[in-house]
S.K.: 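Structure incoming, see below.
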Amino acid sequence: MLYLTEPEDLASVVPNEPGYRTAQLSAWLYDTPVLTTGEMTNLPAGLRQSLDLWPFVVEVEQTADKGRTVKWLMRTPDGVSIEAVLMGYPKRVTLCISSQAGCAMACTFCATGQFGFERHLLSGEIVAQVAYASAYLTANPMPGTPDHITNIVFMGMGEPLANYRHVKSAIDRMTGLMGRSARSITVSTVGVAPAIRRLADEPWKVSLAVSLHAADDELRSQLVPLNRRYPLEEVVSATEYYVARTGRRASIEWTLIDGTNDSLEQADGLARIAGRLGAHINIIALNPTPLTADKAPSAERTSAFMARLRKRGANVTLRATRGREIDAACGQLRARRLNPVS
Ligand code: SAH
């Protein structure tokens with residue numbers, strides 16, 4: 001499988017070919033990705049047939065929102081699933097990728113967390129999601145959106161900073177071989193404080209999103225078990241370090257749950273933290289998941305929460321939901337397949 005191979009090892013995949021094959025292959029993987037080896041027109045037919053391009057098979061492809069949301073469920077040879085979602089908008093095309101099969105963080109409101117951890121994804125499996133989606137978009141342009149992926153967000157399955165080595169190597173390849181800007185890549189974390197600091201010291205400066213969900217330790221530990229290990233103050237000060245070290249603005253994600261973290265007191269606490277970090281707040285209305293009865297607050301309660309944040313000087317937006325009917329919305333990945341009756 002080409003994508004499981006580190007780029008510098010491509011020569012070992014084609015040991016009996018002339019040296020320039022490596023450069024040709026690299027161009028097909030990273031510059032102008034194609035969906036099949038058959039499209040690698042400058043390679044000999046025999047070689048094209050002998051190469052395994054993707055480290056997964058695409059088991060399910062679903063579209064919604066008039067073709068502007070596409071979700072893939074990919075299956076690796078060892079049987080784990082990877083999910084990725086492509087979303088087209090008038091001025092951007094965002095690809096949401098997975099860093100792990102499953103997740104060990106067990107956030108109560110997240111479908112991935114509810115089903116546990118399978119394994120880390122390898123850097124090739126992470127990069128291949130980007131290449132696959134790029135090739136798909138080239139072959140299936142979305143009307144009224146840019147013709148290439150403008151943003152990549154680590155907001156699919158998994159906690160990227162719990163799989164640091166492979167996520168780092170994937171970002172190395174995206175910013176190097178794929179020529180993407182670090183700014184266009186967002187790492188979203190539940191708050192692995194030491195890894196946030198480590199990320200700040202990397203040569204590339206990616207955008208950082210921190211999933212807060214609660215403004216005090218008591219509530220946060222209920223929703224996000226990792227908070228017991230890295231409490232709020234550690235997460236916020238690591239984020240402060242990230243912002244100072246990289247000059248990038250951080251954003252805060254807040255999944256709004258009816259009757260849980262949508263009080264005005266929580267809004268006040270959140271506004272204080274956002275003020276301290278100079279961070280933008282992204283509110284995500286809870287998407288339903290199989291194992292809890294939690295729901296999103298009413299539109300009125302959501303507006304009241306956001307109005308309170310604005311009154312306290314915060315910069316806040318409500319994330320538009322995409323793909324809910326195909327279980328492609330935040331926190332829903334992996335839900336239906338494992339729980340067909342949901
Ligand atoms: N592990 C990383 C990235 C994956 S989740 C993180 O926690 O940030 C990406 C975002 O979706 C996170 O902010 C997460 O809290 C949010 N999310 C998870 N489940 C959700 C749900 N059911 N409804 C709405 N947002 C959810």
Side-chain angles (χ1 to χ4, degrees), residues 1-15 17-58 61 63 67-72 74 76 82 84-98 121-154 156 166-167 169-186 204 206:
M1 243 88 58
L2 290 169
Y3 279 101
L4 289 177
T5 311
E6 291 299 325
E8 56 271 30
D9 290 345
L10 279 178
S12 71
V13 180
V14 287
E17 293 288 322
Y20 58 82
R21 289 279 181 250
T22 311
Q24 289 176 324
L25 268 179
S26 180
W28 289 120
L29 297 188
Y30 302 111
D31 299 344
T32 50
V34 283
L35 288 169
T36 61
T37 54
E39 294 158 74
M40 299 180 173
T41 45
N42 56 2
L43 302 188
L47 180 62
R48 283 185 243 165
Q49 278 159 21
S50 72
L51 294 173
D52 252 339
L53 178 54
W54 304 108
F56 43 66
V57 290
V58 175
E61 177 181 292
T63 58
R68 291 194 193 88
T69 302
V70 188
K71 174 174 112 165
W72 295 283
M74 293 117 165
T76 64
I82 303 175
V85 184
L86 186 67
M87 292 159 284
Y89 303 87
K91 289 196 177 141
R92 63 180 204 280
V93 176
T94 300
L95 176 67
C96 177
I97 58 174
S98 298
L121 296 185
L122 303 175
S123 69
E125 292 170 324
I126 297 171
V127 169
Q129 296 169 61
V130 178
Y132 189 87
S134 303
Y136 171 91
L137 190 58
T138 304
N140 307 274
M142 292 179 178
T145 73
D147 64 0
H148 61 282
I149 296 170
T150 59
N151 298 76
I152 293 173
V153 297
F154 279 89
H166 292 117
V167 166
S169 151
I171 297 173
D172 280 343
R173 271 198 249 185
M174 291 178 207
T175 54
L177 287 160
M178 285 180 152
R180 302 199 62 90
S181 75
R183 185 187 290 269
S184 75
I185 300 169
T186 299
W204 24 254
V206 291

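Below, each value reflects all heavy atoms present in this structure, side chains not excepted, and no hydrogens, waters or symmetry copies.
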S.K.: Assess the residue pair T94 and Y89 against the criterion (side-chain contact (heavy atoms from CB on, under 4.5 Å)); give the C-alpha distance rounded to whole Å, side-chain angles, the decisive distance to 0.1 Å, and a yes or no.
M.R.: CA-CA 8 Å; T94 300; Y89 303 87; 4.3 Å; yes
S.K.: Just verifying a value: how many Å separate L43 CG and W28 CH2, rounded to the nearest 0.5 Å?
M.R.: 7.5 Å
S.K.: Find the distance between CE (M174) and OG (S181) and round it off to the nearest 0.5 Å.
M.R.: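 It comes to 12.0 Å.
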S.K.: Test side-chain contact (heavy atoms from CB on, under 4.5 Å) on W204 and V206 and set out the steps.
M.R.: CA-CA 6 Å; W204 24 254; V206 291; 4.0 Å; yes
S.K.: Looking at every heavy atom in both A84 and Q129, which two are closest together, and how far apart are they?
M.R.: CB-OE1, 3.8 Å
S.K.: Applying salt bridge (charged side-chain N to carboxylate O under 4.0 Å, His left out), can you list everything that pairs with E6, at least two apart in sequence or on another chain?
M.R.: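 Once residues adjacent in sequence are excluded, the partners of E6 under the salt bridge (charged side-chain N to carboxylate O under 4.0 Å, His left out) criterion are R173.
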S.K.: What's the separation between atom CE in M142 and atom CE in M87, rounded to the nearest 0.5 Å?
M.R.: 9.0 Å
S.K.: Could you work out, with salt bridge (charged side-chain N to carboxylate O under 4.0 Å, His left out) as the rule, every residue matching R48, not counting sequence neighbours?
M.R.: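 R48 satisfies salt bridge (charged side-chain N to carboxylate O under 4.0 Å, His left out) with no other residue.
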S.K.: Could you check Y136 against V70 for side-chain contact (heavy atoms from CB on, under 4.5 Å), going step by step and ending with a plain yes or no?
M.R.: CA-CA 10 Å; Y136 171 91; V70 188; 3.7 Å; yes
S.K.: Is it true that a side-chain atom of Y3 and a backbone atom of L29 form a donor plus acceptor pair closer than 3.5 Å?
M.R.: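 Checking the backbone N and O of L29 against the side chain of Y3, a donor-acceptor pair under 3.5 Å is found.
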S.K.: So if I apply the side chain to side chain contact (heavy atoms under 4.5 Å, CB included) rule between L95 and each of I149, V153, L137, which one comes out positive?
M.R.: I149
S.K.: Going from OG on S98 to CD on E125, what distance comes out if it is rounded to the nearest 0.5 angstrom?
M.R.: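 S98 OG to E125 CD: 11.0 Å, rounded to 0.5 Å.
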S.K.: Kindly say whether P143 contributes a backbone atom to a donor-acceptor pair with the side chain of R68 at under 3.5 angstrom?
M.R.: yes
S.K.: For a quick test of your reading: what N or O donor-acceptor pairs under 3.5 Å do the side chains of residues 49-58 make, sequence neighbours left out?
M.R.:
{"residue": "S50", "atom": "OG", "partner": "L47", "partner atom": "O", "Å": "2.8"}
{"residue": "W54", "atom": "NE1", "partner": "L35", "partner atom": "O", "Å": "2.8"}

S.K.: Going through the distances and angles, do T175 and I185 end up as a side-chain contact (heavy atoms from CB on, under 4.5 Å)?
M.R.: CA-CA 9 Å; T175 54; I185 300 169; 4.0 Å; yes
S.K.: To the nearest 0.5 Å, tell me how far D147 CG sits from S134 OG.
M.R.: 11.0 Å
S.K.: Under 3.5 Å, side chain of S184 to main-chain N/O of R180, donor-acceptor pair present?
M.R.: no
S.K.: Answer yes or no: is there a side-chain heavy-atom contact under 4.5 Å between T69 and L86?
M.R.: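 In short, these two side chains do not touch, never coming nearer than 4.5 Å.
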S.K.: How long is the gap from OH on Y132 to CD on E61, to the nearest 0.5 Å?
M.R.: 5.5 Å
S.K.: Taking all atoms of both residues into account, what is the closest heavy-atom pair of A170 and I126, and its distance?
M.R.: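 The pair with the smallest heavy-atom distance is CB-CG2, 3.7 Å.
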